[in-house]
Amino acid sequence: MSIPIVRAEAFYLPPPSQPATAWDLVPAAERVFRWIEHRQQRRVRVPDGFLIGRRLYARINHGRWVADCPCNSSQVVSPADPRLACTECGAGWFQLVFPEDPDAVEASLADLLPSERNWWHDDDNDAWDRPAAEEQVDEIGWTDKEVAG
C-alpha cells in the first residue's frame, strides 16, 4: 500500500480533545488558522480579500503539497482549495497554481519514499529549493553539487 501525498485537509487536524470530524466543514486552506490557534495558542485573523495579480505555485516537497508566501513562510496546501493566506505576515489570500491533474502527479511519485517525493510546476522558475536544470539528482535526492561539497 502506498503512502499518500499529504494535503492540508489531512495535515491540519483538530486536537485530540475534539472529534476527528470537528473541522470537516472548514475549507482546507482555512484549517491552518485553526491549527495555529490550537498548536501555538495564538489568535490569527483569517484575511478577507484576495491579493489580485499575484499567484503562487504549489509544489510537492518530501511527500506533501506546500506553497511559500513571499515573506518566506510556507504551509501545507491542497488542490481541493487552491489558495493560501499566510499566518505569519497576514497577507491576504493568494491564488495557488497546481498542475492540471494533481492526482496524476501524485501517482507519478507513488513508488518513491516520502522523503524523495518532490515535484515543481513547470512554470515555477523561482522555487528556492528546485534543482537547477543542469544539476543531476541521485537516487536519494542529493544534487551533484551537494555530493561534491
Side-chain angles (χ1 to χ4, degrees), residues 2-16 18-137 141-143 145-146:
S2 177
I3 299 170
I5 300 292
V6 177
R7 297 179 176 198
E9 55 269 33
F11 185 82
Y12 300 115
L13 299 173
Q18 295 181 6
T21 58
W23 295 357
D24 282 359
L25 297 179
V26 178
E30 295 178 22
R31 287 182 176 208
V32 64
F33 291 92
R34 296 246 179 121
W35 191 84
I36 288 289
E37 286 182 352
H38 286 284
R39 293 286 179 131
Q40 296 182 358
Q41 295 296 304
R42 67 181 180 107
R43 287 264 183 225
V44 184
R45 187 183 66 79
V46 178
D48 295 325
F50 272 85
L51 295 164
I52 306 298
R54 183 75 189 258
R55 298 182 327 162
L56 305 176
Y57 290 96
R59 70 182 187 286
I60 296 177
N61 173 264
H62 296 246
R64 60 208 164 144
W65 283 105
V66 297
D68 299 320
C69 177
C71 80
N72 291 325
S73 181
S74 63
Q75 59 190 246
V76 178
V77 295
S78 174
D81 189 356
R83 56 194 176 121
L84 173 141
C86 186
T87 60
E88 294 297 320
C89 72
W93 289 104
F94 291 95
Q95 184 69 39
L96 295 178
V97 178
F98 280 87
E100 286 186 32
D101 189 351
D103 293 328
V105 171
E106 291 178 8
S108 74
L109 302 173
D111 292 335
L112 299 172
L113 293 172
S115 63
E116 297 171 7
R117 294 179 186 175
N118 299 299
W119 174 90
W120 296 266
H121 196 283
D122 288 338
D123 296 334
D124 186 6
N125 297 318
D126 297 326
W128 66 271
D129 62 343
R130 184 178 193 151
E134 67 275 0
E135 289 181 328
Q136 298 295 317
V137 179
W142 287 69
T143 66
K145 289 180 184 175
E146 292 169 323

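All values derive from a computational prediction rather than experimental measurement.
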Working for side-chain contact (heavy atoms from CB on, under 4.5 Å), residues F98 and V77
CA-CA 10 Å; F98 280 87; V77 295; 3.7 Å; yes

Shortest non-hydrogen pair, A91 vs P47, comes out as O-CG, 3.5 Å

Ignoring hydrogens, what is the shortest heavy-atom contact between A67 and A58? Give both atom names and the distance.
CB-CA, 4.4 Å

Do Q18 side-chain atoms and L13 backbone N/O form a donor-acceptor pair below 3.5 Å?
no

Spatial distance of atom CD (E30) from atom CH2 (W23) [nearest 0.5 Å]:
12.0 Å

Taking R130 for the side chain and H121 for the main chain, is one N or O donor matched with an acceptor at less than 3.5 Å?
yes

Are the side chains of H62 and P114 in contact, using a 4.5 Å heavy-atom criterion?
no

Paired with Q40, the side chain to side chain donor-acceptor pair (under 3.5 Å) test is passed by just one of R43, H38, R42, namely R42

Drop me the distance from L96's CG to D81's CG, to the nearest 0.5 angstrom.
8.5 Å

With R34 via side-chain hydrogen bond (donor to acceptor under 3.5 Å, both in side chains) - residues at least two apart:
none

Taking every heavy atom of R31 against every heavy atom of V26, the minimum-distance pair comes out as NE-O, 3.3 Å

For the side chain of Y12 and the backbone of V76, is there at least one donor-acceptor N/O pair under 3.5 Å apart?
yes

Which atom pair, heavy atoms only, marks the closest approach of P27 to R83?
CB-NH2, 3.6 Å

CD1/I60 to OG/S108 distance, rounded to the nearest 0.5 angstrom?
7.0 Å

Using modelled atom types only, decide if a donor and an acceptor are shared between the side chain of W65 and the backbone of I5 within a distance under 3.5 Å.
no

Greater than 12 external heavy atoms within 6.0 Å of D103's CG
yes

State whether the side chain of R64 and the backbone N or O of V6 hold a donor-acceptor pair below 3.5 Å, judged by distance alone.
no

List the steps and the verdict of salt bridge (Lys or Arg N to Asp or Glu O under 4.0 Å) for D129 and R59.
CA-CA 10 Å; D129 62 343; R59 70 182 187 286; 3.1 Å; yes

Atom CH2 of W119 and atom CD of E106: how far apart are they, to the nearest 0.5 Å?
10.5 Å

Worked check of side-chain contact (heavy atoms from CB on, under 4.5 Å) between V46 and W93:
CA-CA 9 Å; V46 178; W93 289 104; 3.8 Å; yes

Point-to-point distance, once rounded to the nearest 0.5 Å, from SG of C69 to CG of L51
8.5 Å

For P102 versus R7, what's the shortest heavy-atom pair and its separation?
CB-NH2, 4.1 Å

Run the numbers on V32 and I36 for side-chain contact (heavy atoms from CB on, under 4.5 Å), then give the verdict.
CA-CA 6 Å; V32 64; I36 288 289; 4.2 Å; yes

Of all heavy-atom pairs between W128 and D68, which one has the smallest distance, and what is that distance?
NE1-OD2, 3.2 Å

With a 3.5 Å distance limit and no angle check, can you tell me whether R55 reaches the backbone of V97 through a side-chain donor-acceptor pair?
no

Should we count CG of D126 as having more than 12 external heavy atoms under 6.0 Å?
no

Distance-only, no hydrogens or angles: does the N61 side chain make a donor-acceptor pair with backbone N or O of N118 under 3.5 Å?
no

Is the F11 ring parallel, tilted or perpendicular to the W35 ring (thresholds 30°, 60°)?
tilted

